[in-house]
Protein chains: 2
Amino acid sequence: MGSLTEENYIKSIYSLSQATGEVFVSELARKLEVKLPTVNSMIKKLASKKMVAYAPYQGIKLTEKGKREALGIIRKHRLAELFLVKVMGLGWEEVHDIAEQLEHVNSPRFYARIDELLNYPGFDPHGEPIPDSNGKIQLQKRTSLNDLAEGETAIITAVAEDEKSFLDHLNAKSLQIGNRITIVKKELFDCSITLQLKSKKEVMLTHQVAERILVDKLNGK
Amino acid sequence: MGSLTEENYIKSIYSLSQATGEVFVSELARKLEVKLPTVNSMIKKLASKKMVAYAPYQGIKLTEKGKREALGIIRKHRLAELFLVKVMGLGWEEVHDIAEQLEHVNSPRFYARIDELLNYPGFDPHGEPIPDSNGKIQLQKRTSLNDLAEGETAIITAVAEDEKSFLDHLNAKSLQIGNRITIVKKELFDCSITLQLKSKKEVMLTHQVAERILVDKLNGK
DNA sequence: ATATAATGTTAGACTAATCTAATATATTAA
DNA sequence: TTAATATATTAGATTAGTCTAACATTATAT
């Protein structure tokens, strides 16, 4: 395990590289709010520790070792956020900064217990995947109902929330995992969404609910 | 707020000074596992920040400002320990190291919520007082039944535990806050304690239970 | 295709926290 | 009361992480 600073570099490299695969010194400097030469020398250090692959003027790439480290930190961050919301009852808007600190806590026991209390969640409530303790992670962010356009059809595959009141709400609307649904209307005004079920019945959902329903898009038809 | 290192110095100075009032450079160096000159220069820095009062070759004393800082950290440490045990279900033996990390988390919201979830505890389960959010602290560690000698009499004033099973256990033994009790016997072998109640009834308690019963000694008679 | 702009690197300095070696002060014991 | 011991301080070096200023490379745009 590296220093707190090293952890932050690794984490930022990981998240920046999610889109492009490679990360440039200037992007990292912007993200971490330090100057270019600072990043430059830290990258050399991380390269010497085999956390990143790097050649001057080329981009930065995490090695397997670096990826493992990054996933460990992201796991801790996302577990912490979920824990702060679900167990401690804090609001989603206020947990990020706390999780930024908790992600550096070094205690496998602490995180194993959080994982257990949350019943080994695979996704956080935004649909972002939580790496498991071996660093396994779902390849991409799950699409939620909100990500679908009008007319698109998809299968409900998971819900990113397991509070009883939420699940009851879904039941009341006849929504279950495995159901095929089609988007009928997305309301701009309040972001509510209307779906059609296989039974042709239509149901309306608020943005908050739709966000927590994860789906697989059906491409052909 | 100072750096993590500064916080650790302040906390150690506080705990060392609890006994004696003054702390010497060498004690601090031993406790923090660094060399004398390291402590010497850090003390000068803390003195320049008005956290400690210090003159060469004299002891180190926390200023009011330093004390406030120390109490804030101790508050966070003890709340964290209690939280890890009561809410997260970890064992007492394993929470100290985690609390050493959590005590440096900077988030009034996080700690206010822990305080609330624990119902604003005044003592941790070892009878150590938890400073309140204004830094107010009970002046000394509460005495537990275990601190009494054979023949001594005291009044039960609090219990440092409020799990139902524990409270049921006390009820079953007819022990309640306000009761006057006298120590009849302390068993060396298993540290169990036998008390006499006002009703003359005798009850035996294990060390673990006695530790969580807090008392005020009766001096005269 | 070359000048300009954007991006990256090197050199050298600074601060925080630590160290070792040398020196100074205070305490204790003969 | 002075030598021996314990404790504290100063001086100077080291490492991690940061900075500014100067220079180098790559990309872009007429």
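These values consider heavy atoms only, across backbone and side chains, with no hydrogens, waters or symmetry-generated copies. Naming: A, B, ... by sequence-line order, numbering from 1 per chain.
Residues Arg75(A) and Asp115(A) are paired through a salt bridge, judged by an N-O separation under 4.0 Å between the basic side chain and the carboxylate. No salt bridge links Arg78(A) with Glu81(A); every basic N to acidic carboxylate O contact stays at or beyond 4.0 Å. Of the charged side-chain nitrogens involved, at least one lies within less than 4.0 Å of a carboxylate oxygen, so that Glu100(A) and Lys11(A) count as a salt-bridged pair.
In the helix from dA1(C)-dT30(D) to dA30(C)-dT1(D), the end axes, each obtained as the rotation axis mapping the C1' atoms of four pairs onto the next four within a five-pair block, lie 0° apart to the nearest 10 degrees.
If you measure from atom NZ of Lys35(A) to atom C1' of dA13(C), you get 16 Å, rounded to the nearest angstrom. Taking atom NZ of residue Lys45(B) and atom C1' of nucleotide dA16(C), one finds them 5 Å apart after rounding to whole Å. Put simply, CD1 on Ile60(B) is 14 Å from P on dT7(D), counting in whole angstrom units.
To the nearest 0.5 Å, the span separating CG on Leu90(B) from NE2 on His96(B) amounts to 14.5 Å. In this structure, CD on Gln18(A) lies 12.5 Å from CD1 on Ile13(A), to the nearest 0.5 angstrom.
In the set dT10(C), dC19(C), dA17(C), the nucleotide with an atom closest to the side chain of Pro37(B) is dC19(C).
For dA17(C), the OP1/OP2 oxygens have a side-chain nitrogen or oxygen of Ser3(B) closer than 4.0 Å. In terms of phosphate contacts, Lys44(B) brings a side-chain nitrogen or oxygen within less than 4.0 Å of OP1 or OP2 of dT10(D).
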Just the atom pairs and distances: protein N or O near nucleotides 3-5 of chain D's N or O, under 3.5 Å.
none

Shorter than 3.5 Å, N or O on both sides, protein versus nucleotides 3-8 of chain C: list them out with atom names.
unit_1	atom_1	unit_2	atom_2	d
dG8(C)	OP2	Ser26(A)	N	2.8
dG8(C)	OP2	Ser26(A)	OG	2.7
dG8(C)	O3'	Tyr57(A)	N	3.4

All N/O donor-acceptor pairs, side-chain side in residues 46-59 of chain A, below 3.5 Å, sequence neighbours left out:
unit_1	atom_1	unit_2	atom_2	d
Ser48(A)	OG	Lys45(A)	O	2.8
Lys49(A)	NZ	Glu6(A)	OE1	2.9
Lys49(A)	NZ	Glu6(A)	OE2	2.9

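Contact of the Phe83(A) side chain with the Ile98(A) side chain is not registered, since no non-hydrogen atoms from C-beta on lie closer than 4.5 Å. Residues Thr206(B) and Asp190(B) fail the side-chain proximity criterion, which asks for heavy atoms closer than 4.5 Å.
What you find for His104(B) and Lys76(B) is that their closest heavy atoms are C-NZ, 4.3 Å.
Residues from residues 5-17 of chain B with heavy atoms under 4.0 angstrom of DNA chain D: there are none.
Ser26(A) is linked by a side-chain contact (heavy atoms from CB on, under 4.5 Å) to Phe24(A), Arg30(A), Leu36(A), counting only residues two or more places apart in sequence or in another chain.
Looking at Asn146(A) and His207(A), their side chains do bring a donor and an acceptor atom within 3.5 Å of each other.
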